Amino acid sequence: MSHTSRPESSSGSGPAGSGDEKPLHFIEQIVEADNASSKWGVWKAGEAISGQREGAPRVHTRFPPEPNGYLHVGHAKSICLNYGLAERYAGKFNLRFDDTNPSKEEMEYVESIKRDVRWLGGAYDGPFGGGLYWASDYFQAMYDFAGELVSKGRAYVCQLTAEEVSSRRGSPGVPATSPYRDRPIEESLRLFAEMKAGKHPNGAMTLRAKIDLASPNFNLRDPVMYRILHEAHHNTGTAWCIYPMYDWAHGIEDSLEGITHSICTLEFEDHRPLYDWFIGAINEGRGGPGQPAKIHHPQQIEFAKYRPTYTVLSKRNLLKMVQSGIVKGWDDPRMPTVAGIRRRGYTPEAIRALCRDVGVTKVESSIDVVRQENAVREHLNKVAPRAMGVLRPLRVVIENWPEDKTDLLDFVVNPEDPGAGTRKIPFTRDIYIEQDDFMENPPKKFFRLAPGAEVRLRWAYFLTCTGVEKDAAGRVVCLRATIDPATRGGDAPPGPDGKPSRKVKGTIHWVSAKHAVEAEVRLYDRLFSAEEPGKRTGKWEDDLNPASLETVRALVDPWLASSQPQEPAWADGIRRFQLERLGYFCVDPDGTPHKPVLNRTTTLRDSWAKDAAQG
RNA sequence: AGGGGAUUGGUGUAACGGUAGCACGACUGACUCUGACUCAGUUAGUCUAGGUUCAAAUCCUAGAUCCCCUGCCA
């Protein structure tokens with residue numbers, strides 16, 4: 001078997017025209033082996049997409065979120081994996097809400113999940129989409145299958161309370177017990193019907209699978225299949241008062257949808273025997289002459305979660321952050337939720353590239369968050385238009401420039417994309433530069449502005465600082481300077497040899513005071529200051545980064561205020577820029593064209609800051 | 001104690017008995033109208049101990065370490 005993805009070696013099922021040389025990860029290897037052996041059969045005519053799928057090996061995956069919270073970057077990995085497989089092998093990808101517990105689930109989450117899955121590229125309704133499904137649509141089928149299991153002596157109604165079950169659970173060497181295990185089948189059948197009919201209160205009884213009370217795998221110690229929950233369900237209303245447990249429900253959901261590879265995370269490895277047992281028990285007494293057909297038996301495969309450093313991901317803790325006001329909501333740009341990183345300015349392309357990069361294995365490893373930052377830098381560097389803005393303005397008056405004169409200069413929209421062209425930016429006597437770009441007593445390797453020093457104003461003129469004005473406290477409030485008119489556009493005039501007559505080491509950004517627009521800029525940093533929040537004290541709250549959000553009033557290029565023809569057409573409608581030398585930013589919905597609000601997605605790499613910090 | 005997994009440079013990942021490779025980071029340098037980008041180079045690894053073999057990250061034996069498992073959650 002081939003372990004690389006050359007099209008000619010992938011049984012004709014590889015991605016057409018893919019130049020991707022990355023080796024296959026273990027799940028792709030499983031899929032290719034399955035395809036080679038036709039383990040899952042082939043797509044039939046009615047299932048074909050534009051004629052190209054008929055007869056090709058079936059690959060059908062799904063993403064099965066419970067609608068009880070917002071999706072986070074960990075889920076993103078699962079979505080990319082599952083959708084990626086469907087796309088790569090011309091299969092299908094389902095979005096399925098695993099809504100088996102009405103007491104925890106809310107419709108509020110359903111819409112956000114659909115939006116997030118789509119945003120990430122999980123087009124469950126696209127060419128490789130199998131559609132949208134609900135576990136609750138299978139409640140009747142599940143109930144019928146459960147009845148069959150009872151009839152076959154494979155399940156029974158247990159009247160132990162939750163506490164009793166727990167206390168009788170046993171231990172690794174000591175089997176669990178239930179006095180109801182061997183009750184007559186007819187009695188279980190009757191009680192199970194009564195459970196469904198609503199004749200018993202919550203907790204009075206459960207339906208349990210009859211497997212092995214002595215199993216060292218506790219999941220097999222007669223797990224509960226149904227519990228009584230007199231609670232309205234967002235989808236089925238009050239039609240049901242018994243609800244299936246995950247282990248019982250999940251395999252049936254997969255089976256009914258024809259899922260081939262049921263991919264989940266590592267903690268479900270212990271549940272795989274149960275997954276297989278349930279489907280096997282249903283299929284017992286099926287498939288023979290005069291018997292109903294066997295149901296489809298998908299293969300469960302487990303992989304390790306995406307676990308970024310400096311991040312907390314559990315739904316419970318994310319909910320706590322939202323409810324306690326540590327962040328402003330599920331979509332706070334500091335949140336690791338999909339909604340949060342989207343508002344932060346991350347692109348779906350960056351997230352997908354990241355998921356490809358970190359790979360798919362069974363090793364529980366943590367991923368350095370800088371890889372997230374690098375992923376978005378790499379994408380945005382290629383596509384984001386550039387602009388200038390000053391986060392902490394310092395006024396500069398150009399003494400040899402007429403007060404009322406405006407010069408229009410060419411500004412390159414995106415040096416990485418020549419097709420983006422240029423645009424005009426205004427230059428006037430009063431400009432603002434970044435406070436960090438001036439030092440009165442600079443160290444040796446400071447290439448920026450200082451008294452008597454010359455720098456280049458990006459795309460404008462060479463500028464020399466001629467004077468410093470200070471307030472009573474001794475703070476620099478304004479600079480006097482002159483420009484060299486011969487350097488218009490930012491180039492020194494050519495010398496006798498045709499080369500530039502002189503060089504400046506530093507180039508700084510600036511805005512025209514008269515034209516600049518005031519913007520609220522939210523400078524985000526990591527939410528936590530510890531690599532593993534809570535490791536030190538046991539409480540992640542102790543590792544919150546107090547400086548995770550700093551808001552400044554910046555002065556930015558008016559070009560940013562409203563949508564421009566030279567900008568890319570962002571699929572998600574979120575406008576993103578590079579503020580030159582500062583980082584990548586996106587436009588937040590909190591702002592208006594008159595008073596934009598920008599979120600800093602991430603800074604640029606800054607080797608100067610690193611040097612300066614190290615002395 | 002029992003069961004299920006995992007272990008390759010700082011981090012992530014490849015190898016499927018036959019040259020330990022790639023990416024990220026870090027460090028040098030080049031280039032540069034973004035101290036960005038780009039480019040070149042350097043750095044550093046098979047958990048341990050035995051064994052099989054001409055040859056072991058890979059197979060065998062013993063051990064170590066880490067993660068998950070006793071919800072009527074998923």
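Order of the sequence lines sets the chain letters (A, B, ...), proteins ahead of strands, with each chain counted from 1. Given the structure is predicted, the values throughout are model-derived calculations rather than measurements.
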Tyr461(A) meets the ring pair (Phe, Tyr, Trp, His ring centres under 6.0 Å) criterion, sequence neighbours left out, with Trp401(A), Phe427(A)

Assert: residue with more 5' nearest nucleotide on RNA chain B, out of Leu582(A) and Asp98(A), is Leu582(A)

Quick check: His233(A) with Trp134(A) (ring centres under 6.0 Å apart)? no

Checking A74(B), C72(B), G12(B) against the side chain of Tyr246(A) (C-beta onward), the nearest is A74(B)

Let me confirm one number: the OH-OG distance from Tyr138(A) to Ser255(A), rounded to the nearest 0.5 Å. 10.0 Å

Looking at Trp608(A) versus Phe447(A), is the centre-to-centre ring distance below 6.0 Å? no

Under 5.5 Å and under 30°: Trp608(A) stacked on G35(B): yes

Salt-bridge test for Glu253(A) and Arg62(A): reply yes if a basic N is under 4.0 Å from a carboxylate O, no otherwise. no

Pick the C1' atom in C60(B) and in U53(B), then give their distance to the nearest Å. 12 Å

Give the intermediate values and the outcome of side chain to side chain contact (heavy atoms under 4.5 Å, CB included) for residues Arg576(A) and Thr347(A). CA-CA 9 Å; Arg576(A) 301 168 174 91; Thr347(A) 58; 3.5 Å; yes

Within the 4.0 Å heavy-atom criterion, would you say Glu580(A) contacts the bases, only the backbone, or no part of the nucleic acid? base

Review item, nucleotides 30-32 of chain B N/O atoms under 3.5 Å of protein N/O:
none

Could you check whether Asp410(A) pairs with Lys424(A) (Lys NZ or Arg NE/NH1/NH2 to Asp/Glu carboxylate O, under 4.0 Å)? yes

Closest non-hydrogen contact found for Glu531(A) with Pro533(A) is O-CD, 3.4 Å

Would you check if Leu274(A) and Asn217(A) make a side-chain contact, meaning some heavy-atom pair closer than 4.5 Å? no

Pairwise N/O distances under 3.5 Å, protein to nucleotides 40-48 of chain B:
none

Grab the OH-P distance between Tyr275(A) and A74(B) for me, whole Å please. 16 Å

Categorize Thr100(A) for me: base, sugar-phosphate, or nothing, with a 4.0 angstrom heavy-atom threshold over every strand shown. sugar-phosphate

Closest nucleotide among C72(B), U13(B), G12(B) to the Thr361(A) side chain: U13(B)

Note: Arg221(A) and Arg169(A) closest approach over all heavy atoms is NH2-O, 3.1 Å

Compute the ring centroids of Phe278(A) and Trp248(A), then answer whether they are less than 6.0 Å apart. yes

Using the test side chain to side chain contact (heavy atoms under 4.5 Å, CB included), find all partners of Glu532(A) that sit at least two apart in sequence or belong to another chain. Lys535(A)

Proximity to the side chain of Arg581(A) - top-ranked nucleotide from G4(B), U11(B), U34(B): U34(B)

Readout for nucleotides 65-71 of chain B: B = base within 4.0 Å of protein heavy atom, S = sugar-phosphate only, - = neither; 5' to 3' it is --BBSBS

Presence of Gln29(A) side-chain N/O under 4.0 Å of A14(B) phosphate oxygens OP1/OP2: no

Donor-acceptor pair between Gln578(A) and Tyr584(A) side chains, under 3.5 angstrom: yes

Nearest-angstrom distance from the residue atom CZ of Phe447(A) to C1' of G35(B): 7 Å

Separation of Lys362(A) atom NZ from C16(B) atom P, in whole Å? 20 Å

Any idea which of C73(B), A23(B), G35(B) is nearest the Lys104(A) side chain? C73(B)

Rounded to the nearest Å, what distance is computed from the CD atom of residue Glu231(A) to the P atom of nucleotide C73(B)? 11 Å

Where does G71(B) land, syn or anti, given syn is within 90° of 0? syn

Under the ring pair (Phe, Tyr, Trp, His ring centres under 6.0 Å) rule, collect the residues that match up with Phe268(A), sequence neighbours excluded. Tyr246(A), His271(A)

To the nearest angstrom, how far is Lys445(A) atom NZ from G35(B) atom P? 14 Å

Start at the 5' end of RNA chain B and walk down; is the nucleotide closest to Val370(A) or to Asn202(A) reached first? Val370(A)

Quick one: Asp557(A) CG to U34(B) P, roughly how many Å, whole number? 18 Å

Can you find a side chain N or O atom of Lys610(A) that sits less than 4.0 Å from OP1 or OP2 on A26(B)? yes

Listed partners of His25(A) passing ring pair (Phe, Tyr, Trp, His ring centres under 6.0 Å), at least two apart: none

A14(B) and A6(B): how far apart are their P atoms, nearest whole angstrom? 13 Å

Quick one: label Arg272(A) by what it contacts on the DNA or RNA (base, sugar-phosphate, nothing), any heavy atom closer than 4.0 Å. nothing

Structure string for RNA chain B in dot-bracket form, Watson-Crick and G-U at under 3.5 Å, | interchain: .((((((..((((....[..)))).(((((.......)))))....(((((..]....))))))))))).....

Picking from A74(B), C24(B), U13(B), the nucleotide nearest the side-chain atoms of Asn374(A) would be C24(B)

Least distance between heavy atoms, Phe446(A) atom then Pro442(A) atom: CD2-CB, 3.6 Å

Under 4.0 Å between a side-chain nitrogen and a carboxylate oxygen: does that hold for Asp222(A) and Lys210(A)? no

Strictly below 4.0 Å, heavy-atom distances to any atom of RNA chain B: list the hits from residues 379-388 of chain A, or just say none. Asn381(A), Arg386(A)

Taken to the nearest whole Å, CG/Asp212(A) to P/G3(B) is 14 Å

Would you say G35(B) has OP1 or OP2 under 4.0 Å from some side-chain N or O of Arg448(A)? no

With the side chain defined as heavy atoms from C-beta on, Gln578(A) is closest, among G35(B), G12(B), U34(B), to U34(B)

Rounded to whole angstrom, note down the C1' distance from G12(B) over to U7(B). 14 Å

What about Tyr243(A) and Phe139(A), are their ring centers closer than 6.0 Å? yes

Tell me the side chain to side chain donor-acceptor pair (under 3.5 Å) pairs involving residues 73-82 of chain A, sequence neighbours left out? Ser78(A)-Asn82(A)

Taking the same atom, C1', in G35(B) and in G21(B), what whole-Å distance lies between them? 33 Å

Using the test ring pair (Phe, Tyr, Trp, His ring centres under 6.0 Å), find all partners of His200(A) that sit at least two apart in sequence or belong to another chain. none

Using a 4.0 Å cut-off on heavy atoms, which residues in residues 63-78 of chain A reach RNA chain B? List them by number, or say none. Glu66(A)

Just how far, in rounded Å, is P of A74(B) from OH of Tyr243(A)? 12 Å

With a 4.0 Å cut-off on N to O distance, would you call Arg526(A) and Glu373(A) a salt bridge? yes

Mind checking if Leu274(A) touches a base, just sugar-phosphate, or nothing, with heavy atoms under 4.0 Å? nothing

